[in-house]
Number of protein chains: 2
Amino acid sequence: MASSIHDLARHLNISIGTVSRALNGRADVNADTRQRVLEAAKQLNYAPNQSGRSLRQGATHSIAFMLQPHPGDQQYGEPFFIPFLTGLQGRLAESGLDLIVVMGAPGDYQQERLRRVVETRRADAVVLAWTRREDERIDYLTERGFPFATLGRSRSGGKSYPSLDLDFEKAGSDAVDRLVARGHRRIAAVRPALNLNFGYLFLDGYRKALKRHGIEVDPGLIADGFINEGGGYQVTPRVMLSKDRPTAIIYNNDAMALGGCKALAEMGIRPGHDIAVTVIVDTPLCRYFSPALTAFRPALQPMGRRLAEMLLASLPAFAGPEGTRIMREVWPLELIARESD
Amino acid sequence: MASSIHDLARHLNISIGTVSRALNGRADVNADTRQRVLEAAKQLNYAPNQSGRSLRQGATHSIAFMLQPHPGDQQYGEPFFIPFLTGLQGRLAESGLDLIVVMGAPGDYQQERLRRVVETRRADAVVLAWTRREDERIDYLTERGFPFATLGRSRSGGKSYPSLDLDFEKAGSDAVDRLVARGHRRIAAVRPALNLNFGYLFLDGYRKALKRHGIEVDPGLIADGFINEGGGYQVTPRVMLSKDRPTAIIYNNDAMALGGCKALAEMGIRPGHDIAVTVIVDTPLCRYFSPALTAFRPALQPMGRRLAEMLLASLPAFAGPEGTRIMREVWPLELIARESD
DNA sequence: CGTTTTTCCGTAAACGTTTACGAGAACACA
DNA sequence: TGTGTTCTCGTAAACGTTTACGGAAAAACG
């Protein structure tokens, strides 16, 4: 059905080798011949079969991003990633690479799907997100020597891969600084219960800042919950019922903050009036919520671009100068002051 | 590096043909041999090279979904699609197919990327969304005989492909009915300016319902704008400054509604008090906005599952009974009454 | 025991590319 | 004219699978 390089060769009365060389811009082909080949290719709208290409070259020319909805709130999903993916894909396309997003079922852990992608060689490299503190996937990939990059840090795998993360520690610290400056001293922290790495970073920043201000860290004001609305809803009363009620809460996730605000509302506590609410990692929901939530915003699209660059630099086929191989960057979050604190 | 079927064969001292047959569950292989092969495969963690497989079989075992962020609001993206994709991927996985999401740059039209996917045979079929009234992509695919299914209807391509759509006409009509029942007679409609098909369906329903209620359709109350916040913001004053000001607005898109509400706020008009606002196609943003927006909600995840089934039925390799080949379904939208009307 | 059937497996071709190798022709140079 | 160089192209192997075909051995049957 679809035209192959043989059709093209037959049509032009030359060998498939020459056709291939002409198409791939190799030097040892006559200018006229190349011209004729290019025209014929356009005319028969020939495009090289990707499977054949990959098989021969041992490279798929595509990068996989593993995407997986959180369990729980089905309606919500991951608006967070779209701008990131846009940046990622933009940069990859410039180097002739396709981005394929591999969807997983919500909830089931990515390990199996990742193995499939890697072992069936569906992609030349993968990009991981939601890195955990100890991350099985990272161990697997490093052990297997498969190229990858991560959005987020991890303790796993040493420093052998490019990674780009947000400065959750500084955000946690800044959030506390701001609240203290506004007179708060009882400040709660709510973070996801999975051992997602950013939860730890956030809490570190939170703790250090409190200490810096001479405020004792009260374990009763720290809570972990499911990383979705339900989690925030469930866990918020726990910190609010602490014997000395907090006057501020920092949520380490937008969905948890929204669920938390629902719980607060049911307790008759109004964010922005009776309590200060700050959320780390802004999403459009924070902006539109009422009251609009003060939040820390990442530059997702540039981050996507940058991580693509870092990944490319780590791939032999695209590698730049030796020194630029492995990179790790931590990007700031920008405070967007709104109404909730 | 990665183990091939040859390694496996050598390791077991049998031929690669037998290994392949054992792995693929063919009948003509001894039970013991199969067992040994399976074990060895697990042990050497062998997985068939996807490129080799595809090349030989002429099938990639993967379905592509073309995803493309809208231009404009970078922070927003497409939370709409995630639940849909979850359903789609779930059903496809059950038939051993992978879902790959092919990202495009925001703004640039999908046609080129689609050609790439099709002509390089990266997928066995594609799923299209954001169908337009006349859709170049659909023409291309039908002409080329490439299997596909669409989320949304179109005038293009006849009835030769499976499609699943939401009943925007009924939603538009229901929205009007509800507003009329609540005493409104000056009802505006705002929809996207691109010739996205659902915009037409919505407007049809809107017009018919008005006529049914004996209300004249006022062109001054109908406006098209960019399908993002900016579009809603820009276009809302136009209908509000109509000589006989509307008392209700129906937005055909959530982002446009949010932008519209911003414009209304700047004019000192409060949704839910001074004007009724309804939006067609609910998203989480509608729920969290203040006032919470009355909206029509789709069952995205089941729709994803269903469209996968319809697509599978249209693929020769998976086809069920002859009669079930081509299907077209229109699903209802559920009214979620909130505070804005 | 001879014949037929069944079971199981090896051989080799094919899918569509890319690329190392070599060879003929044209050219340059002395 | 002889020799070396440069251009250009064809040949064929290789990538990792699947599968049609045939054949040897085993089983079934008379």
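Being a predicted model, the structure only gives us computed values, none of them experimental.
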Quick one: on DNA chain C, does B:R56 or B:I14 contact a more 5' nucleotide (nearest heavy atom)?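 The answer here is B:I14.
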
Who passes salt bridge (Lys or Arg N to Asp or Glu O under 4.0 Å) against B:D124, sequence neighbours left out?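 Scan of B:D124 (salt bridge (Lys or Arg N to Asp or Glu O under 4.0 Å), adjacent residues dropped) gives none.
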
Any residue meeting salt bridge (Lys or Arg N to Asp or Glu O under 4.0 Å) with B:R328, in chain and number order, not counting sequence neighbours: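 Partners of B:R328 under the salt bridge (Lys or Arg N to Asp or Glu O under 4.0 Å) test: none.
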
Has B:T18 got a side-chain N or O lying under 4.0 Å from the OP1 or OP2 atom of C:dG10?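 Yes, because at least one side-chain N or O of B:T18 sits under 4.0 Å from OP1 or OP2 of C:dG10.
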
Can you pull out how bent the helix from C:dC1-D:dG30 to C:dA30-D:dT1 is, comparing the axes over its first five and last five pairs, to 10°?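 For the helix from C:dC1-D:dG30 to C:dA30-D:dT1, the axes at opposite ends meet at about 40°.
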
In the structure I gave you, are the side-chain heavy atoms of [X] and [Y] within less than 4.5 Å of one another anywhere?
X	Y	result
A:T131	A:L151	no
A:R21	A:V37	no
A:L88	A:R305	no

Considering only heavy atoms, which members of residues 28-54 of chain A lie under 4.0 Å from some atom of DNA chain D?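 Here the set is A:D28, A:V29, A:N30, A:T33.
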
Can you tell me which residue pairs pass the salt bridge (charged side-chain N to carboxylate O under 4.0 Å, His left out) test with a partner in residues 32-61 of chain B, sequence neighbours excluded?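 Checked against salt bridge (charged side-chain N to carboxylate O under 4.0 Å, His left out) - neighbours excluded - no pair reaches residues 32-61 of chain B.
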
Which sits closer to the 5' end of DNA chain D, A:S15 or B:S4, going by the nucleotide each is nearest to?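 The residue closer to the strand's 5' end, by nearest nucleotide, is A:S15.
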
Has the side chain of A:S20 got a donor or acceptor atom that lies under 3.5 Å from a matching backbone atom of A:I16?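 Such a contact is absent between A:S20 side chain and A:I16 backbone.
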
Without swapping roles, check the side chain of A:N195 against the backbone of A:R132 for a donor-acceptor pair under 3.5 Å.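 No, A:N195 side chain to A:R132 backbone: no donor-acceptor pair under 3.5 Å.
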
Within the 4.0 Å heavy-atom criterion, would you say B:G17 contacts the bases, only the backbone, or no part of the nucleic acid?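 If one applies the 4.0 Å heavy-atom cut-off, B:G17 turns out to touch a base.
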
Give B:R26 one of three labels, base, sugar-phosphate or nothing, depending on what nucleic acid heavy atoms sit under 4.0 Å from its own.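 Since only primed, P, OP1 and OP2 atoms lie under 4.0 Å of B:R26, the category is sugar-phosphate.
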
Give me the ring orientation class for A:W130 and A:F81: parallel if the planes are under 30° apart, tilted from 30 to 60°, perpendicular past 60°.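 Taking A:F81 first and then A:W130, their aromatic rings stand perpendicular (interplane angle over 60°).
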
Range on DNA chain D touched by chain A, heavy atoms, distance below 4.0 Å: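 Endpoints of the contacted stretch of DNA chain D: D:dT8 to D:dG16.
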
For B:H11, look at atom NE2 and say whether over 12 heavy atoms of other residues, nucleotides or ligands are found less than 6.0 Å away.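 Check fails, neighbour count at 12 or below.
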
Using salt bridge (Lys or Arg N to Asp or Glu O under 4.0 Å), reason through A:R26 and A:D28 one step at a time and then give a plain yes or no. CA-CA 6 Å; A:R26 294 206 114 69; A:D28 57 347; 5.3 Å; no

